[in-house]
Structure formats: C-alpha cells, structure tokens
Amino acid sequence: MDKKKIAWMISLTCTLVLMFAVRNNARVEQSSKEAAGPVGLFEGHGDVGAVLHGGSVEYDAAQHSYTIAGSGENMWFRRDGFQFAWKKVSGDVTLTADISFVGKGVNEHRKAVLMVRQSLDADSAYADLALHRSGLTSLQFREERGAATHEIQSNVSAPKRLRIVKRGTYFTMSLGSADGELHLAGGSTRIALKEPFYVGIGVCIHDKEVLEKAVFSNVELKAAAPVTAAQSTLYSTLEIITVASTDRRVVYVAPERLEAPNWMPDGKNLLFNRNGRMEKIAVTGGAPQIMDTGFAVRCNNDHGISPDGTQLAISDQSQEEHRSLVYIVPIGGGTPRRITQKSPSYWHGWSPDGKTLAFVGQRNEEFDIYTIPAAGGEETRLTAAKGLDDGPEYSPDGKYVYFNSERTGHMQIWRMRAADGIEQEQVTFDEYNNWFPHISPDGQQMVFLTYDPSVSGHPENKDVMLRWMSLNDRKTSVLAKLFGGQGTINVPSWSPDGRQFAFVSYQVVPSEQTGK
C-alpha cells in the first residue's frame, strides 16, 4: 500500500474518531429543528445552547404538571444552556406556574424559569422570571441578540407561584404563595420582540456536569387582558440600580404613586414622598415610616438632605395660596422653617458646604434657577434665558450648578458657575429631552432622565430611560428603559459610595395581573 493511501486512511480514521467523540462526549447544541414533539400545552421541547447532558420533559396529565430535567452551565452573560418546553405565540401573554425543585441539588444558583424568548438560539433576546434554588427570584433579560444579561431582583424570596407577563414591549413579574394571591413584585423592563416568539418553561442547573429536575404545576398560558383605565391600578416600585452592572434590585412595591427617592448619608436608608408626606425606608426594604414634617403635609417631589445629614429641605404647598414654598426641617422631625418668601419655589440642590440652596422659581411667568442662603435671606437669580430652566444640582466641589434647559428648543443638560451663574455651557447634545442631572459623589459621573423627542415637559407615565454620562469624556450609555417620568429621579439619589442609584418606576396594572 502506497504512502498516500496510508495517510488518507489514517486521516479518515482520525476524522471518524473525532466525530464520534464530539457526538458522545462533547457538548451537544440542540436546535429547534431537533426539538422533541408536543408535551402538554407546549408544542415542543429541547436543549437550547450547548449542554453536556441532554434534558427531558415529562408531562403528568392527571396532575397538569411538567417535570423538566435540565443541565447547562448558565443562563446569563451572552449565551444560554438549558432545557426548554415552548410554544410559539403572538400578542400579549401571561404564563403562570407553581415551581418546586427536586432534591437538594448541587448548586444553589440552579434556575427554573418562565420565559418569553425571540428564538431558540443560545444568544437570543428574552425575558424570564427565574426562581433560583437559593430562593432568589429575578426578572432576567437580554435586550437584543448577543447582548449581556441583566436582572431585576425581587424582594420576595422563594415564592411558590410565579407569573411573567408580556404586555406590549414591557415584561413584569408577580409572585405569591401556592394557594394565595399573586402580587406585583418588582419593576418592569422594556424589550421589543418580533412576532411570533417563544413562551415556555425551562431548567438550567448552573453546572455542566449535572442533570437535575424541577416540577412546574398548575401551569397556565393565557392571552393578557388589555389595560383599561377603569380596571387598572398604578403601582410604584422603589428600586436601586448598580451603575457598573446596570442590575436592579427592588426595595418596595406599592399600589400608589411614590416619588423622588433621596439616599441618606448613612447609606442605610432612603427617603421618598407619597400622598404629600415624607417617608423613610431601609435600603434593604421593609415597612416605610412617615416622617414628622409638622404642618407641611402637602410635600411634592422636590426634597433633599443636607450634606451633614442633619436637615431636610422640602417643597410644600400646604400654606397660603397652596403654591410650593421651600422649607427646612430637622432630619429627625419638627417644625419647618420657611426659606423662600416667593412662590412657587421648588428645592433641587444643596451646596457642599451646606450654606446655600438651589431652587427653581416661577417669577413673572418664567421658570429660572435661583440660589438662597440656607439660613434665609434674599434669593439670587442665576438664569435668564427664555424657556424653562429646571433641576439645579451642585457639583461635589461646589464650583458648578448643573441644570436642564429648553433654551435650544428642546430640553438638554447644562451647567454654570455656582457663584454667579456665568459661563453657562451645554453638556448634552442629542435629539432627546433630558432632565434632572444628578452628579456622583466623586464628581465624575452623571445620571439623568431621558424622554422621547416628542414629549413636552416631564409628565408621568411615559416610556423613559435612565442614562449615564462620564463627565470626563462625555460618553453616554443607557442604564435602564422603564415606564416612568415625573417622580422617577427628580432629586439627588446617588448612594454615598457612588456605586448605586435609587429611582422609582411605575406600572399600570389591570386587575387580572394580580390574583390567583
């Protein structure tokens, strides 16, 4: 046998051995074409992404339950690996199930999910409601194909019954006990999926070497009812976002309008306003406490804490003509001390040395930026351009006041010298309407609220974005897309360490989204 033929046979043998090894020992990525047939109410099931051990789905018709065995290293970052039972649908949907894990398991981060997904590709855009073995429950999402995964962590641990809702481009989560009512459990995220898309249940074990199971029972897949004003409730979610990762955590959810969180200097508590009163809540959650603000019981969403943490500036409209005035009250409660004599006046900033307040005042039909001594005295006008100027906030070094102005035709972020208002310069240059600049404690970053170009003013209940800017090079990125606006971030809300930011998101929830 000649050398060429021997070499060819050796090459063929190696190729066959390699193919056998890949098929039997390496990770196997199962596509939608390889998916198994219908099971229960789902059209198919199979492994999404690369897994070492193929998963399975067993359906118990008598119990209306699905036992899913799954493997997979993770459902995070830019690619997923998990077993998925799915149905292809269009429109608005709700998916509800009771979930329990089988056995103690190896990894506390293993996940059982209710998912809405664009495709069966491993890097697909999606949103899911993930129950971890540790009890952590999160609304996880990948906004577009190949993007990084992010999450909104609920403040409810180890729920028995879970529901994910897709309504338009928004995804929300509700949680509850197995026999009790479901309750809205966190903020929403906005992701645009094309129709049709996949909705279903899945398991990822967070360990490529392991195959484990979870049981989904009382599974319901329904069309989501449309939102009508007569049968809906506004919910507010007080949230914290970690700026570096853009992951979010729920602090408190209520079927009322909460607004404008301040982060207290101790780093342990947040302040916000609701129904004209100021309230305090731990950053870890719990029950809020109403603060003593004396006669000031019509506080609006313009308030903030002095640099030394001893005083609270409020804007209240309970007196005289019921137009907003700025007061200072001890942080522990007491009688408000009036600062501004003219109205309406809306507090927004406190100088780093605690001696001066910055506020917005309407004088002669124009809204402009003013300063006034914290001890009381005469107000000083800093802006005089035609059009609304709003949202003044001091830089941490006290040199500048940042604010938003519509002097260019639509709202943009500006800054000026704090001492006298001169050298007014534009900071943002884009087609959006940008409001309420908030500067990080180190003076290097800014978070602000962005509306669509078509939106005038800063109304409530709109599609908005929280955006971040590096003040060194003016680079900008999106932190979150949410339903919000007025009340979301009207006032300073950076954590003292400059790593996190507090805000409020909103949801208009129909009566069918909560309940059994």
Looking at residues at least two apart in the chain, or sitting in another chain, which of them share a side chain to side chain contact (heavy atoms under 4.5 Å, CB included) with Asn301? Glu259, Ala260, Asn273, Gln486, Asn490
For the side chain of Ser324 and the backbone of Ser345, is there at least one donor-acceptor N/O pair under 3.5 Å apart? yes
Just jot down the salt bridge (Lys or Arg N to Asp or Glu O under 4.0 Å) partners of Glu320, sequence neighbours excluded, or say none. Arg338
For Lys111 and Asp128, run side chain to side chain contact (heavy atoms under 4.5 Å, CB included): C-alpha distance rounded to whole Å, both residues' side-chain angles, the deciding distance at 0.1 Å, then the answer. CA-CA 11 Å; Lys111 306 168 189 175; Asp128 75 35; over 6 Å; no
Flag the pair Asn433 / His410 as yes when at least one side-chain heavy-atom distance between them is below 4.5 Å, and no otherwise. yes
Do the non-hydrogen side-chain atoms of Met115 and Ile164 ever get within less than 4.5 Å of each other? no
Other residues, nucleotides and ligands only: do more than 12 of their heavy atoms fall within 6.0 Å of OH on Tyr432? no
side-chain contact (heavy atoms from CB on, under 4.5 Å) partner of Tyr394, chosen from Asp353, Ile439, Thr356: Thr356
Write out all pairs satisfying ring-ring contact (aromatic ring centres under 6.0 Å, His included) with one or both partners inside residues 246-289, taking only residues at least two apart or from two chains. none
Would you say the side-chain atoms of Ser232 pair up with the backbone N or O of Pro510, donor to acceptor, closer than 3.5 Å? no
Of all residues at least two apart in sequence or in a different chain, which pass the side chain to side chain contact (heavy atoms under 4.5 Å, CB included) check with Asp452? Ser454, Val455
Using modelled atom types only, decide if a donor and an acceptor are shared between the side chain of His303 and the backbone of Leu312 within a distance under 3.5 Å. no
Could you walk me through whether Arg257 and Asn461 pass side chain to side chain contact (heavy atoms under 4.5 Å, CB included), step by step? CA-CA 11 Å; Arg257 181 169 290 278; Asn461 301 344; 3.0 Å; yes
Minimum-distance pair of heavy atoms, taken over all atoms of His348 and Gly391: ND1-CA, 3.7 Å
Rounded to the nearest 0.5 Å, how far apart are CZ of Arg248 and CD of Glu239? 4.0 Å
Do the side chains of Phe501 and Ile489 get nearer than 4.5 Å, heavy atoms only? yes
Residues two or more places apart in sequence or in another chain: which of them pass side chain to side chain donor-acceptor pair (under 3.5 Å) with Asp308? Ser306, Thr310
Any residue meeting side chain to side chain contact (heavy atoms under 4.5 Å, CB included) with Thr488, in chain and number order, not counting sequence neighbours: Leu449, Leu466, Leu482, Phe503, Tyr506
Which pairs with one or both residues in residues 185-195 pass side chain to side chain donor-acceptor pair (under 3.5 Å), sequence neighbours excluded? Tyr170-Arg190
Within the structure provided, determine whether Phe429 and Thr408 are in side-chain contact (heavy-atom separation under 4.5 Å). no
Backbone N/O of Val326 and side chain of Thr340: donor-acceptor pair under 3.5 Å: yes
Would you compute the distance between atom OG1 of Thr242 and atom CD of Gln500 and round it to the nearest 0.5 angstrom? 4.0 Å
Who are the ring-ring contact (aromatic ring centres under 6.0 Å, His included) partners of His458, not counting sequence neighbours? Trp435, Phe436
Does Asp390 use its side chain to pair, donor to acceptor, with the backbone of Asn404 at less than 3.5 Å? no
Phe295: what forms a side chain to side chain contact (heavy atoms under 4.5 Å, CB included) with it, not counting sequence neighbours? Ser318, Gln319, Tyr327, Thr335, Pro336
Would Ile191 and Lys481 satisfy side chain to side chain contact (heavy atoms under 4.5 Å, CB included), going step by step from the backbone distance to the final call? CA-CA 9 Å; Ile191 303 172; Lys481 298 177 182 178; over 6 Å; no
Do Val360 and Pro392 touch side chain to side chain, with heavy atoms closer than 4.5 Å? yes
Donor + acceptor pair across side chains of Tyr402, Arg415 (<3.5 Å): yes
Under 3.5 Å donor-acceptor, Arg117 side chain and Ser119 backbone: yes
Do the side chains of Trp350 and Ile328 get nearer than 4.5 Å, heavy atoms only? yes
Using the side chain to side chain donor-acceptor pair (under 3.5 Å) rule, pick out the option among Thr476, Thr428, Asn434 that qualifies with Arg467. Asn434
Could you check Val329 against Met278 for side chain to side chain contact (heavy atoms under 4.5 Å, CB included), going step by step and ending with a plain yes or no? CA-CA 11 Å; Val329 64; Met278 295 299 304; over 6 Å; no
Taking atom CZ of Arg363 as the centre, report whether more than 12 heavy atoms of other residues, nucleotides or ligands fall under 6.0 Å from it. yes
Would you compute the distance between atom OG of Ser405 and atom CD of Gln412 and round it to the nearest 0.5 angstrom? 9.5 Å
Between Gly81 and Cys204, what is the shortest heavy-atom contact and its length? O-SG, 3.3 Å
Residues two or more places apart in sequence or in another chain: which of them pass ring-ring contact (aromatic ring centres under 6.0 Å, His included) with Trp76? none
Please report the C-alpha distance between Asp389 and Thr383 in whole Å, then the side-chain angles of each, then the deciding distance to 0.1 Å, and finally whether the side chain to side chain donor-acceptor pair (under 3.5 Å) criterion is met. CA-CA 7 Å; Asp389 295 321; Thr383 64; 3.0 Å; yes
For the residue pair Val116 and Tyr126, establish whether any side-chain heavy-atom pair is separated by less than 4.5 Å. no
Distance-only, no hydrogens or angles: does the Asp247 side chain make a donor-acceptor pair with backbone N or O of His150 under 3.5 Å? no
Could you pull out all residues at least two apart from Tyr370 that satisfy ring-ring contact (aromatic ring centres under 6.0 Å, His included)? Phe359
Here the gap from Ser174 atom OG to His183 atom NE2, rounded to the nearest 0.5 Å, amounts to 9.0 Å
In Å and rounded to the nearest 0.5 Å, what is the OH to CD distance from Tyr346 to Gln317? 6.5 Å
Looking at Gly168, is its backbone amide N or carbonyl O close enough to the side chain of Lys166 to form a donor-acceptor pair, meaning the two atoms are under 3.5 Å apart? yes
Look only at the side chain of Asp316 and the backbone of Cys299, and say whether a donor-acceptor pair between them is shorter than 3.5 Å. yes
Output yes when a side-chain donor or acceptor of Gln362 lies under 3.5 Å from a complementary backbone atom of Asp368, and no otherwise. no
dist Glu321:CD -> Ser343:OG (nearest 0.5 Å) comes out at 6.0 Å
If only side-chain N and O atoms count, and only distance matters, is there a donor-acceptor pair under 3.5 Å linking Ser470 with Asp473? yes
Under 6.0 Å from the CD atom of Glu378, do we count more than 12 heavy atoms belonging to anything else shown? no
According to the side chain to side chain donor-acceptor pair (under 3.5 Å) rule, which pairs have a member within residues 285-298, sequence neighbours left out? Arg298-His322
Could you check whether any side-chain heavy atom of Leu184 comes within less than 4.5 Å of a side-chain heavy atom of Thr233, counting everything from C-beta outward? no
